[in-house]
Amino acid sequence: MIPGSTGTPLAIEAVGLRKSFVDPKRGVVEAVRGVDLDCRQGEIYGLLGPNGAGKTTTLRMLATILAPTAGVARVAGVDVARDPLEARRRIGFLSGSTGLYPRLTPRETLRYFGKLHGLAREVLEARIEELVLAFSMREFADGRCESLSTGQKQKVSIARAVLHDPAVLILDEPTTGLDVLASSAMIDFIESRRGAGRCVLFSTHVLSEAERLCDRIGVIDHGRVLNVGTQAELRERTGKQWLEDVFKELVRRANAEASGGRA
Amino acid sequence: MNGWSEPFLAVLRTELLGLARDRRALFSAIVLPVLLYPVLFFGQRWLERVSKETLEAKTVAIAVDLSRATAGTSARLRELLEQEGPLQFTDFDAEALQALEPELAKGSVEAYDREAALARRAFEAGADVLVAAIAIDEPPGLELRAWYDGARDLSNEGRQRVDRALERLYDEELQKRVEERIGPDPGRGLAPRAVDVASAEDQSGAALGRLLPLIAVLVLLSGGSYAALSTFAGEREGGTLETLLVQPVRSDVIAAAKFAAVLLTALATFVVNAGSILASTALGFGGLPGVGGPDGLGGLGGPGGAGLALGAGRLLSAAFVFLPAAVLLCAVLCLVCGRARTFREGQNLLLPLMLVSLVPTLIATQQDVRLDLLLAAIPLAGPALCMRDALRGELAPGLVAWMFAANTGWAALALARIGRVLDAERVLSTAGDENEDARRAVQSRTALRWAVACVFAIYLAGGALQAWALVPGLVLTLAVIVPLFAWLSARGTARRAKERLAATLQLGAPRAAHVAGAVLLAPALYQIATRLFAWQESVIPLPVDSGTETLTRQLEGLPLAAQLALLALLPAFGEELFFRGALFGGLRRDLALWKCALWEFVLFGAAHASIYRVLPTGMLGAVLTLLAARTRSLWPCVLLHATYNALAVLAGTRPELARPELAWLALPGLALLLGRPHPRPSSP
């Protein structure tokens, strides 16, 4: 569907992704109603939308935590519904609300998740050392996570997400709850992944983050992707200068279309 | 691909590591019991001894006036009193008390008051007890009397010494006179000599068997619940669950490893607690409170109070037969904690569970309960009784095998669901929004209002119709009025929920297993209802009911098929359509299942227009609600209701249908119902 100019498989590919929950009280809730996505290697793709738009559910389906009700999604060529365990080996996942085990040390945390990924002992220990060095965690790598500062915890979480060097990094509102310094460290980290030729898909409702980082932006609302493109393309299509206005315009058009369709 | 064992062990190790580093858990599971029992036993024994010794060692002041007794009696009594403990004799003049005697003999209240005042004056002068020989007229002779002050420890102690001394004096006198009159005691050969054939091990086992099952459940619950809260609820509260679920490990393997951690923690807690109890007994610190034998200490210990008389064989087999209960308890703890989003929510959910699990266990602490086929199959009760019997050395192999099979079955049922505890679809459902919540609350309230209206309609219109003509009235009420209310109520709910009416009423086809399971429950429910009815009658005696019993009698003239149609089929359909269809269809939008069941209990009980049958019908209503929730279909409820009513109709003429043994059918019934969850309906 996207010109295969590079010849390599798409990092993330989703077609007609849908998710409905059966809530015993509310009946059927449609959280995602047909999302198409295509993210290339070395690309930072931002999913932009208000709270409750379906961002988290979409990312969770791509990360194989939730099974899609309909549609197909592939991560690095692996179908998430058919072979979720294999897909998970290619995914690093991190959400803004992620916690750490308070009574484990950062080193033990990394070792634990390395084992869950089935990494061999020597490979794992070498990788942990590498990450401790890369994220300058040496001075707190052996203290319990409960005694770490927010910034230190964040480093551990990021290290945990890239422990197995995944082809795709899926970040769900990664800067939520972080202060300015920690946010900026996270943004630097995301940019560094692009340099390493990896794909990052992240969701946010912070427009400035999307503006600064994203190669392409998908605007999502009410479980549907309203438009996808580079920032320049989105501006051109809507005739608006600021991303905020672009977003509002897209939502307005979608609503007009929906009511027009109904009439 | 790795096997499951490596990630399983990784999760298990990490969970145990986390628990071991939790100081609170470690303290309450290991340190506390190790210290608690010896301190408790030792302290209790020490206190007992101290209070006893101090009183016995105290000098009691006894004021005596034995001037009316013979010199021999007087001297002997003084001797005997002195043998009881340190004493200080003073003399006093009992003349005033003697003077009261004629009045006292007549029962004069005033004389009693004067007697008490006289005695009190003597106590104020320093005496603890008064002893005097008083001359009485009827029968003519002497009486030895003691006055004491029951509110003072020392006076009580003095009175006990006086009692003992007087008893011995009496025995000596009696012996002397018997020998004077008839020579040496001819009944000597008939004197009983009690020989306890129970070995020290049997005595210890019986004493421990009374308490250990209860302690085992309590300890497994406390150790296991902490671990379960920490591994399941704590994972969600700490925000680590989502991360764990994106690791390339199956979620059921993670859940199984977490369960293993909980089970190991609970078992370790039990071993430490039981070990501490046994060790402190063996080392002679004392026994379990209340277990003590005649020597006050020796329940667990052998003769002499110290040392452990119980063999390792009995202890090990007692622990072994309790294993299925431990697995079941831990599995249920995990299931409950898996539902909790936070620690606190988990604690709230666990409290009722703990109370419920104590009930069957308390059965085993009753002395006279014997293990039988039924009790052996009841979760916790069976293993608790087997543990008691194992400690007594009275295990019946057949019953134990059956207990093991049944309770392993219960544990397997719970374990089979553990794999789904961490099912992300369930755990990570999206958060609701406020408008939605408000809408759902309206749906529940509306359904509730319709239900109250419907109950009144049944009272008024139904009653009037049936008074006019019984059979047509019955048919009109159940086939027209009640379904009409159901339709009106459910239509509103369906419209608000934007779903089809059939979906609100749960009219979809049920699973065959659920239908069969529902029908199999009927005899057990009928038995429970009869018992509830009898119990209720014994608590609140009421005049003879004018409800269904008379109704049945009035319809007796009809052919059986017509009776069944009118009393079983028609009510089952009409009432289920309203109560489990429309009412539950509305209630479940907003209320937790137990609240739905409670409302159904109240309203279904009320609809049957008789205080008398509130308990049995309410119970039926609640059970049918749970059934509707479980099977997600109205039809199993209709079938169960019809079968239950048919049993009630037929019980009079066909007593074999009311046999209690038929209640056993509920076991396969429950297995069919609980066995496999209903598949999730796929959405459009």
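Per chain, numbering begins at 1; letters A, B, ... match sequence-line order.
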Between B:Ala10 and A:Leu116, which heavy-atom pair has the shortest distance, and what is it? CB-CD2, 4.2 Å

Working to the nearest 0.5 angstrom, can you tell me the gap between A:Thr56 OG1 and B:Glu242 CD? 8.0 Å

Chain B contact via A:Ala87 - side chain, backbone, both or neither, heavy atoms under 4.5 Å: neither

Just how far is it from atom CZ of B:Arg21 to atom CZ of A:Arg144, taken to the nearest 0.5 Å? 5.0 Å

Most contacts with chain A, counted as non-hydrogen pairs under 4.5 angstrom, among B:Lys498, B:Glu235, B:Glu237, B:Arg250: B:Glu235

Between B:Thr240, B:Val249, B:Leu9, B:Val11, the one whose heavy-atom pairs under 4.5 Å with chain A are most numerous: B:Thr240

Any residues in residues 93-112 of chain A near chain B, with a heavy-atom distance under 4.5 Å, and which are they? A:Phe93, A:Ser95, A:Ser97, A:Thr98, A:Gly99, A:Leu100, A:Tyr101, A:Arg103, A:Leu104, A:Thr105, A:Glu108, A:Tyr112

Taking side chain as everything from C-beta outward and backbone as N, CA, C, O, which of these in B:Ser230 sits under 4.5 Å from a heavy atom of chain A? Side chain, backbone, both or neither. side chain

With respect to B:Gln247, which candidate in A:His117, A:Arg88, A:Arg89 satisfies the side-chain hydrogen bond (donor to acceptor under 3.5 Å, both in side chains) definition? A:His117

Does B:Arg491 CZ have over 12 foreign heavy atoms under 6.0 Å away? yes

